[in-house]
Asker: 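Here it is, the structure, as structure tokens.
Sequence lines set the chain letters: A, B, ... in the order given, protein chains first and strands last, and positions in each chain run from 1. Computed from heavy atoms alone, side chains included, the values below leave out hydrogens, waters and symmetry copies.
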Number of protein chains: 2
Amino acid sequence: MSEFQPKQERSAHTRAEILAAAQTAFARSGYESATVAEICELAGISKGAFYHHYPSKQSIYLELLHDWLADFDRGLLALRASAENVPALLRAMSASFPAIFQVAEGQLPILLDFWVQAARDPAMWEATIAPFARYYALITDLVQDGISEGSLQAVEARQTALILVSMGVGALLQGLLAEDSAQWGTVGQDGIELILHSIERKPEER
Amino acid sequence: MSEFQPKQERSAHTRAEILAAAQTAFARSGYESATVAEICELAGISKGAFYHHYPSKQSIYLELLHDWLADFDRGLLALRASAENVPALLRAMSASFPAIFQVAEGQLPILLDFWVQAARDPAMWEATIAPFARYYALITDLVQDGISEGSLQAVEARQTALILVSMGVGALLQGLLAEDSAQWGTVGQDGIELILHSIERKPEER
DNA sequence: AAATAAAAACCGACCGGTCGGTATGTTTTT
DNA sequence: AAAAACATACCGACCGGTCGGTTTTTATTT
């Protein structure tokens, strides 16, 4: 997590350095292939320093994931605040896809790795997949709100939420692996648009 | 691939044993974590026998992938033969999702692994991602056919194809990692249905 | 049909290298 | 001076792949 009272000034700086290096290393090689030595070299420190600040390789991995999820949550909250109804919010979310690609550019495998590692280690699962339940619930609530406010048809909320998430996840993952990720940014948007077209309730119909 | 003239009768049997064992091992542990020793133990043979039949760990991996893709292609061809128009075919394809989950049950990580490995090794990329271009093209043609035959609206064929594939991939991957994969089988179907609802051209409108 | 040679299949000990993590000592800050 | 930060050499486990030798099958000859 992110709150430490560093015993020394250097400490915080080194920790940040290690984290940045780890992100680079994991992105470049994936979790298993990235070595602690590689991370240390990138951070310009020694192995001793590394293990002084982190108890294990897995621990930085989890911290990186935690930070990433926190960023994601903040982004969602910001969007939610500025959208005036549910379809608009869903559109805004899908519109932020290209931005995600920008961020992820050159860090292809790391997102996939989160999944793969999660499928193996229970601790990883807890940290990676479990949060997804929150997003499912969040989108489900959103759809429910949309139905309540009359902007969406009376669809089955959870199933619809899973569909929307699937659309997003599919476009994201394929975009990560494609050569021309630019093209894929709009796929997510257009896909959500098609789905919305089927479930939206236009004002004039009310 | 699949055509060998086995020098001895035993050979083919052992090769099959190794392949089955490798599939189990990769599914259980993933590509990197699965060891050749593990595969040998599962197959009930020695390391020497393994390397007598396959030059490397990667080579069986590629053979497994190749077989998997061939199966998939056969399935697609069978569907295509029995569908009378494009929307029906797309529905049939999405309806076969639950079956895929059945097959994949308990082999969670292997599909993800194909991707992760592909992102790293050029040889893996060639074998894994490159074939996807064929499927994109196939679905694009399909959509184009649908437009021609009047069963689909005049959408942009390739973009629509990418959307359909994204929907499928997203539902598949999430289903693989979920605890109740049963639920996810229908997500793919319903998602495709929603999309079709937006792009289909009903007979009475023609 | 038996004997024999040759080739294919198989075994398991072993090698070279890697990697996460540790132990111990040195430098720097408080 | 003492505690925190850092460095370096090293350990033990693991793993893909090799190697020399043995067993089993097939082909050939007698």
Side-chain angles (χ1 to χ4, degrees), chain A residues 3-65 109 113 116-117 120-121 123-124, chain B residues 3-26 28-64 109 113 116-117 120-121 123-124:
Chain A
E3 354 64 11
F4 297 94
Q5 58 264 49
K7 322 281 181 168
Q8 292 193 9
E9 185 56 36
R10 277 194 300 175
S11 185
H13 178 258
T14 303
R15 290 185 71 100
E17 207 90 46
I18 292 176
L19 247 119
Q23 178 159 1
T24 304
F26 286 144
R28 179 194 295 170
S29 321
Y31 177 71
E32 292 197 312
S33 298
T35 72
V36 175
E38 181 186 356
I39 296 173
C40 291
E41 192 173 1
L42 281 172
I45 53 126
S46 73
K47 238 179 180 182
F50 178 96
Y51 279 100
H52 176 73
H53 289 288
Y54 291 92
S56 68
K57 181 185 176 183
Q58 179 176 293
S59 65
I60 13 171
Y61 192 78
L62 291 179
E63 180 155 338
L64 274 179
L65 174 60
D113 249 20
V116 173
Q117 294 309 318
R120 291 198 217 312
D121 187 336
M124 295 275 202
Chain B
E3 353 65 9
F4 296 95
Q5 59 263 50
K7 321 281 181 169
Q8 291 192 10
E9 185 56 37
R10 276 194 301 175
S11 184
H13 179 259
T14 303
R15 289 186 72 100
E17 208 91 45
I18 292 175
L19 245 114
Q23 177 159 1
T24 303
F26 285 144
R28 178 193 296 170
S29 322
Y31 177 72
E32 293 196 312
S33 298
T35 71
V36 175
E38 181 187 355
I39 296 173
C40 291
E41 192 173 0
L42 281 172
I45 52 124
S46 73
K47 238 178 181 182
F50 178 96
Y51 280 100
H52 176 74
H53 290 287
Y54 291 93
S56 67
K57 182 185 177 183
Q58 178 176 292
S59 65
I60 12 171
Y61 193 77
L62 291 179
E63 179 154 337
L64 273 179
D113 248 22
V116 172
Q117 294 310 317
R120 292 199 216 311
D121 185 335
M124 296 275 202

Asker: Can you tell me which nucleotide in dA9(C), dG21(C), dC11(C) comes closest to the side chain of Ser11(B)?
Answerer: dA9(C)

Asker: Nearest 0.5 Å, what's the CD1-CD distance between Ile60(A) and Gln23(A)?
Answerer: 11.0 Å

Asker: Take the protein atom CD of Gln58(A) and the nucleotide atom P of dC19(C), then report the distance between them rounded to whole Å.
Answerer: 18 Å

Asker: Separation of Ile45(A) atom CD1 from dT8(D) atom C1', in whole Å?
Answerer: 13 Å

Asker: Quickly work out the Glu32(B) CD to dG17(D) C1' distance and round it to whole Å.
Answerer: 17 Å

Asker: Kindly calculate the angle separating the two end axes of the helix from dA1(C)-dT30(D) to dT30(C)-dA1(D), each obtained from five base pairs, and round it to 10 degrees.
Answerer: 0°

Asker: Got a sec? Which of residues 33-40 of chain A come in under 4.0 Å of DNA chain C, heavy atoms?
Answerer: Ala34(A), Thr35(A), Val36(A)

Asker: Measure the acute angle between the ring planes of Phe26(B) and Tyr31(B), then classify it against the limits of 30° and 60° as parallel, tilted or perpendicular.
Answerer: tilted

Asker: Rounded to the Å, how far apart are His13(B) NE2 and dT25(D) C1'?
Answerer: 16 Å

Asker: Shortest non-hydrogen contact from Ser29(A) to Ala34(A)?
Answerer: CB-N, 3.7 Å

Asker: Which heavy atom in Ser11(A) sits nearest to a heavy atom in His53(A), and how many Å separate them?
Answerer: OG-CE1, 3.3 Å

Asker: What heavy-atom pair brings Ala21(A) and Ile39(A) nearest, and what distance separates the two atoms?
Answerer: CB-O, 3.5 Å

Asker: Are Leu62(B) and Met124(B) close enough, and set up right, to give a side chain to side chain contact (heavy atoms under 4.5 Å, CB included), and what steps lead you there?
Answerer: CA-CA 8 Å; Leu62(B) 291 179; Met124(B) 296 275 202; 4.1 Å; yes

Asker: Do any of residues 46-54 of chain B sit with a heavy atom less than 4.0 Å from DNA chain D, and if so which?
Answerer: Lys47(B), Tyr51(B)

Asker: Could you pull out the closest heavy-atom pair between Tyr54(B) and Ser59(B), with the gap in Å?
Answerer: CB-OG, 3.6 Å

Asker: Do the side-chain N or O atoms of Thr14(A) get closer than 4.0 angstrom to the phosphate oxygens (OP1, OP2) of dA5(D)?
Answerer: no

Asker: To check you understand the geometry: which heavy-atom pair defines the closest contact between Ala37(B) and Lys47(B), and what is its length?
Answerer: N-CE, 4.5 Å

Asker: Which pair of non-hydrogen atoms, one from Ile45(B) and one from Phe50(B), has the smallest distance, and what is that distance?
Answerer: CD1-N, 3.7 Å

Asker: In this structure, how many angstroms lie between the C1' atom of dA8(C) and the CZ atom of Arg15(B), rounded?
Answerer: 13 Å

Asker: Side-chain donor-acceptor pair under 3.5 Å between Glu32(B) and Ser33(A), yes or no?
Answerer: yes

Asker: Expressed as a whole number of angstroms, how long is the span from Glu17(B):CD to dC10(C):P?
Answerer: 10 Å

